[in-house]
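Notes for the one structure printed next.
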Amino acid sequence: MVDSLKKPAFDEIRPGVKAPAKDTILTPRFYTTDFEEMAQMDISPNEDELQAILEEFRTDYNRHHFVRDDEFEQSWDHIDGETRRLFVEFLERSCTAEFSGFLLYKELSRRLKDKSPVLAECFALMSRDEARHAGFLNKAMSDFKLSLDLGFLTKNKKYTFFKPKFIFYATYLSEKIGYWRYITIYRHLEANPEHRIYPIFRFFENWCQDENRHGDFFDAIMKSQPQMLNDWRAKLWSRFFLLSVFATMYLNDIQRSGFYACIGLDARDYDIHVIRKTNETAGRVFPLVLDVEHPEFFSRLDTCTENNVKLAEIASSNTPKFLQFFQKLPLYLSTAWQLLRLYLMKPIEVTSMEGVVR
Ligand SMILES: [Fe+2]
Ligand SMILES: [Fe+2]
């Protein structure tokens, strides 16, 4: 009886196998690309750096890192109710995002094998890392008596097509933001161990180094293709991808501030820190970055999160669906307007020689 109170209700596709979260504009995506175009890319302008990164991947620093130790071997039933729901959701989202990387990198390594061996091997070794990350998270879900059927996800989730250039912008940013997310949680819990209520966070230090190396790989690939970084289109797309990645994370995390609170973090402060750091990092490769210090930057995002709260209230009300549409419309328009204004905000040009192969 008590158990049913402790166990939040999740939809299951089979006993113990969680039904994947519904796809929305804010859920982690799966990607596919133009493999032929990628195979034809000439990486020689930055081949030395790519070769050096490949050597690092081969070294496999985290070969023995992802091993569950004794601390996992206990009952986690004391993490219950809403905290448990938030935990499972965090693990699921993280696992899906890691697995998305695995699928894309694996497919790229397969398709590039005979045509672009250096890239193919880099992708194979990155997919090795992402498989470990996703597997470790899925195993953590089983501590909460649930898991994800990754085979089912592979077959049933929608894939978003991006041209190689956009794959590079998007994956570069998601690897670097992943690095800053993991390391920020790790350092916070290192300073405040009383909030480390589950052992997985201890693994984030070495784990985030994988993401950092993956990000460096995409940095090096983009630098081998200067045409992807040095024209007006590159500037517009850099702004677009920076804003999409930051806004998606912000809206997601503020909506789930309960999760961050249970590990002693303020979701908003955490996100602001991660966004600042990722933006700064992106300046090493992108021709420009966003002016995140501008007072309007986060206040506009806050308006979007407030709209989201209202949208959720409307969706869970008893108002008939067609009336809900008219209640929601001004909120969607307001969010679109805020995002447009954010997009049009004057960016910061990266004036150094970064982004140019030297
Ligand atoms: Fe990863
Ligand atoms: Fe990664």
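As the structure is a prediction and not an experimental result, all values here were calculated from the model. Start at 1 and go down the list; that is how both ligands and their atoms are numbered.
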*Distance-only donor-acceptor check, side chains Asp210 and Tyr61, under 3.5 Å*: no
*Take the angle between the ring planes of Phe66 and Phe136 and call it parallel below 30°, perpendicular above 60°, tilted in between.*
perpendicular
*Please find the N/O/S atom of His214 nearest to the Fe ion (ligand 2) and write down its name.*
ND1
*Would Arg85 count as a cation-pi partner of Phe10, with NZ or CZ less than 6.0 Å from the six-membered ring centre and within 45° of the ring normal?*
no
*What N, O or S atom of Glu98 is found closest to the Fe ion (ligand 1)?*
OE1
*Name of the Glu130 N, O or S atom nearest the Fe ion (ligand 2)?*
OE2
*asked:* As a test of reading the structure, name the N/O/S atom of Glu211 that is nearest the Fe ion (ligand 2).
replied: OE1
*Around Lys139, counting heavy atoms of other residues, nucleotides and ligands shown, do more than 12 lie under 6.0 Å from its NZ?*
no
*For the Fe ion (ligand 2): the N/O/S atom of Glu175 at shortest distance*: OE1
*So which heavy atom on Ile263 is nearest to which on His195, and how close?*
O-CB, 3.3 Å
*asked:* Of all the N, O or S atoms in His133, which has the shortest distance to the Fe ion (ligand 1)?
replied: ND1
